[in-house]
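The structure under discussion appears below in the form of structure tokens.
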Amino acid sequence: MPDVRVRFAPSPTGYLHVGGARTALFNWLFAKHHEGKFILRIEDTDVERSSAEMVHGILEGLSWLGLEWDEGPYFQSQRMQQYQSAARKLLQEQKAYACFCSQELLAAKREAAAKAKLAWKYDGTCRKLSEAEIREKEGQGQARAIRFKVPSEGKIHFEDQVFGTIEHDFQNIEDFVLLRSDGMPTYHLGVVLDDIDMRITHVIRGADHISNTPKQILLYRALGQPIPLFAHVPLILGPDKTRLSKRHGATSVTAYRDQGYLPEAFRNFLALLGWAPGDEREKMGTQELIQSFSLQGINKSNAVFNLEKLEWLNSQYLSSTPAAELFPYVKAEMEKAGLWDAEYEGSRKAWFLSLIDLLKTRARLLPDFVTNGRAFLSDEYEIEAHAPEKFLQEPSLRLLLPELASRLEGLPRFDLESCEFTLREFADEKQVKAGLLINAARVLLTGKAVAPGIFQVMHTLGQKRTVERLRKAF
RNA sequence: GGCGCUAUAGUGUAAUUGGUUAACACGCCGCCCUCUCAAGGCGGAGAGUACGGGUUCGAUCCCCGUUAGCGCUACCA
């Protein structure tokens with residue numbers, strides 16, 4: 001498939017949401033797979049609702065996901081001439097006509113039809129206007145939109161790469177507006193012209209555009225241009241199977257970044273929503289995703305966003321990513337929590353990396369490094385609510401622990417082996433279970449009932465802190 | 001209301017051109033490991049493929065209908 005060119009064309013009327021991100025990802029994967037180009041275009045023809053801030057947010061979201069674009073961003077608002085001249089041409093060729101119906105009138109007609117439970121489509125009032133009538137209205141300076149002339153009879157069908165053959169009757173397609181009375185193009189004119197000019201070969205977009213496609217194909221034909229291939233991807237729904245929205249919590253991709261998801265994990269998760277490689281792989285890296293991606297692997301039914309699986313995937317990435325790669329993320333978290341010290345990327349960097357390795361298999365989200373790592377970085381940590389009653393009940397601990405502390409203090413080398421040997425030997429001597437001491441030590445050393453293996457904790461914490469905390473316990 | 005699309009365990013996905021005990025993952029339960037938890041390993045419950053008809057020797061897969069969900073039905077995109 002030579003010269004594949006695809007695009008992601010969000011409108012900046014909102015942030016980059018999960019659905020948009022997934023569409024962008026599929027386009028990006030498709031482009032990479034075919035060594036084609038991924039183009040970014042901002043559809044900002046709705047001046048009322050578009051904003052520069054949203055544009056910024058969208059770019060930020062894409063960058064976070066690592067979806068770099070090869071061309072753009074192009075802005076529709078900067079291509080007004082093209083749209084207007086195309087509309088003029090269509091008008092001259094009688095493929096479109098001027099419509100003087102006011103929006104109020106149209107709205108009233110639509111409402112009346114709805115009330116009478118009748119199907120409504122534009123009734124073609126202005127399609128029947130004579131030359132003279134048009135000139136008269138124009139002379140009066142009446143505002144006019146330009147509508148496309150949809151054939152009154154017949155059918156249109158196209159081969160969707162995901163959904164197969166889609167058929168529509170012209171009877172159900174109204175004479176849609178191409179150019180608004182303020183001279184701005186509508187979505188249909190905009191996309192088609194842009195996709196033509198940008199030589200887009202495959203239009204990969206949300207399934208909510210399926211019903212729009214026939215109109216656009218009609219436009220391609222009227223313009224005498226080749227028609228790209230269409231691939232519509234199923235929508236992503238919330239847990240209640242309604243369209244994903246603010247009601248379902250975070251829907252902007254940057255919100256997931258802020259909650260502590262890794263971009264690789266999020267991207268992997270997104271790829272699996274509505275697509276599968278055809279075999280049973282789930283955790284897939286970028287290259288693997290690119291290699292395996294194909295339009296054939298996209299399925300037709302809507303997908304439900306499963307937060308638990310996202311979290312699981314994130315934990316998988318967290319535990320398998322080398323500490324050095326996790327470092328910048330963890331650093332940012334520690335800074336936010338006020339636990340950062342410049343030494344951690346200087347003289348104590350190796351130690352800090354080992355701490356990351358210690359914590360990462362138990363982390364599900366980035367902030368877990370803070371909650372589980374605090375006791376290693378500071379003496380200001382809380383003792384978890386029910387931890388003492390669970391593991392510090394045994395009265396003999398009061399004597400045992402300080403004595404153990406002294407033994408550990410005397411160790412010439414404070415490593416995993418010597419800590420373990422010392423504690424177990426001590427337990428034998430005192431005829432108590434090692435577990436008793438271990439669990440009690442865990443609460444004292446980390447403030448938690450749940451933490452990594454105790455000897456690793458001791459080793460990472462260091463001799464001084466370990467001894468102090470065991471001693472200071474009671 | 002009209003038109004379009006979809007329908008496999010709670011969720012995400014598999015199931016060569018119709019022939020499988022309908023598979024895998026998340027989640028849930030249990031066991032192992034073990035100093036707790038996570039990870040890991042092992043096992044279990046959970047769908048007879050929305051429902052009803054056809055076609056066929058045989059349908060998750062093809063056709064029709066019903067139902068449900070979603071989408072479109074704007075001078076939004």
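FYI, side chains are in, hydrogens and waters are out, and symmetry mates aren't considered; it's all heavy atoms of this structure. Order of the sequence lines fixes the chain letters, A, B, ..., with proteins taken first and strands second; residue numbering starts at 1 for each chain.
- A centroid separation of less than 6.0 Å is found between the aromatic rings of A:F305 and A:F269.
- Nucleotide B:rG54 is shown with an anti base, its glycosidic torsion being more than 90° from 0.
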*Can you give one letter per nucleotide of nucleotides 27-47 of chain B, 5' to 3': B if a protein heavy atom sits under 4.0 Å from the base, S if only from the sugar-phosphate, - if neither?*
S-------BBBB-S-------

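- Remark: A:H232 NE2 to A:S211 OG distance equals 8.5 Å, nearest 0.5 Å.
- Atom CD of A:E111 is separated from atom P of B:rG2 by 20 Å (rounded to the nearest Å).
- For the pair A:G297 and A:K117, both in contact range of RNA chain B, the more 5′-proximal nearest nucleotide belongs to A:K117.
- Taking atom CG of residue A:D123 and atom P of nucleotide B:rG2, one finds them 20 Å apart after rounding to whole Å.
- By the 4.0 Å N-to-carboxylate-O rule, A:E174 lies too far from A:K215 to be salt-bridged with it.
- Screening A:V233, A:V253, A:L272, A:L235 for a side-chain contact (heavy atoms from CB on, under 4.5 Å) involving A:R22 leaves a single residue, A:V233.
- The same atom, C1', is picked in B:rA9 and in B:rC24; the two are 13 Å apart, to the nearest Å.
- Between the C1' atoms of B:rU16 and B:rG43, the separation comes to 30 Å (whole Å).
- Between A:F30 and A:N27, the closest side-chain pair of non-hydrogen atoms is not below 4.5 Å.
- Rounded to whole Å, the separation between the C1' atoms of B:rG10 and B:rG4 comes to 29 Å.
- To the nearest whole angstrom, the two C1' atoms, one in B:rU11 and one in B:rG27, are 8 Å apart.
- Although no hydrogens or angles enter the test, the distance criterion places no donor-acceptor pair under 3.5 Å between the side chain of A:T446 and the main chain of A:V443.
- Comparing the C1' positions of B:rG12 and B:rG46 gives an interatomic distance of 16 Å, to the nearest angstrom.
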_Under 4.0 Å protein heavy-atom contact, by nucleotide of nucleotides 68-77 of chain B - B base, S sugar-phosphate only_ = -SSBSSSBBB

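- A:Q171 comes within 4.0 angstrom of no nucleic acid atom, judged by non-hydrogen atoms across all strands.
- Taking CD1 of A:I217 as the reference point, atom NE2 of A:H168 lies at 10.0 Å (rounded to 0.5 Å).
- Of the inter-residue distances, the one linking A:L318 atom CG with A:T361 atom OG1 reads 9.5 Å to the nearest 0.5 angstrom.
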*Can you run through RNA chain B from 5' to 3' and write each base as (, ), [, ], | or . depending on how it pairs? Watson-Crick or G-U wobble, both distances under 3.5 Å.*
(((((((..((((.....[...)))).(((((.......))))).....(((((..]....))))))))))))....

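- Taking the C1' atom of each, B:rA22 and B:rA38 are spaced 33 Å apart, rounded to whole Å.
- Between the NZ atom of A:K300 and the P atom of B:rC61 there is a distance of 13 Å, rounded to whole Å.
- In this structure, A:K283 atom NZ and B:rC26 atom P are separated by 13 Å, rounded to whole Å.
- Nucleic acid contact for A:N299: sugar-phosphate only, since backbone atoms but no base atoms lie under 4.0 Å from a heavy atom of the residue.
- Evaluated for a ring pair (Phe, Tyr, Trp, His ring centres under 6.0 Å) with A:F26, the options A:F38, A:F293, A:W275, A:F8 yield exactly one hit, A:F293.
- Spacing between B:rA47 and B:rC37 at atom P, rounded to whole Å, works out to 31 Å.
- Taking CG from A:D368 and CG from A:L359, the interatomic distance works out to 9.5 Å, rounded to the nearest 0.5 Å.
- Side-chain N or O atoms of A:Q84 include one that pairs as donor or acceptor with a backbone N or O of A:G183 at under 3.5 Å.
- In this structure, A:E159 places its CD atom where more than 12 heavy-atom neighbours from other residues, nucleotides or ligands lie under 6.0 Å away.
- The CG-C1' distance, from A:L273 to B:rA25, rounds to 13 Å in whole Å.
- If you take CG of A:L118 and P of B:rC3, they are 13 Å apart, rounded to a whole angstrom.
- Among the heavy atoms of the strands lying under 4.0 Å from A:I166 are primed sugar atoms or P, OP1, OP2 only; no base atom is included.
- Going from atom CD of A:E417 over to atom NE2 of A:H459 covers 8.5 Å, rounded to the nearest 0.5 Å.
- On the C1' atoms, B:rG54 is 15 Å away from B:rG18, given to the nearest whole Å.
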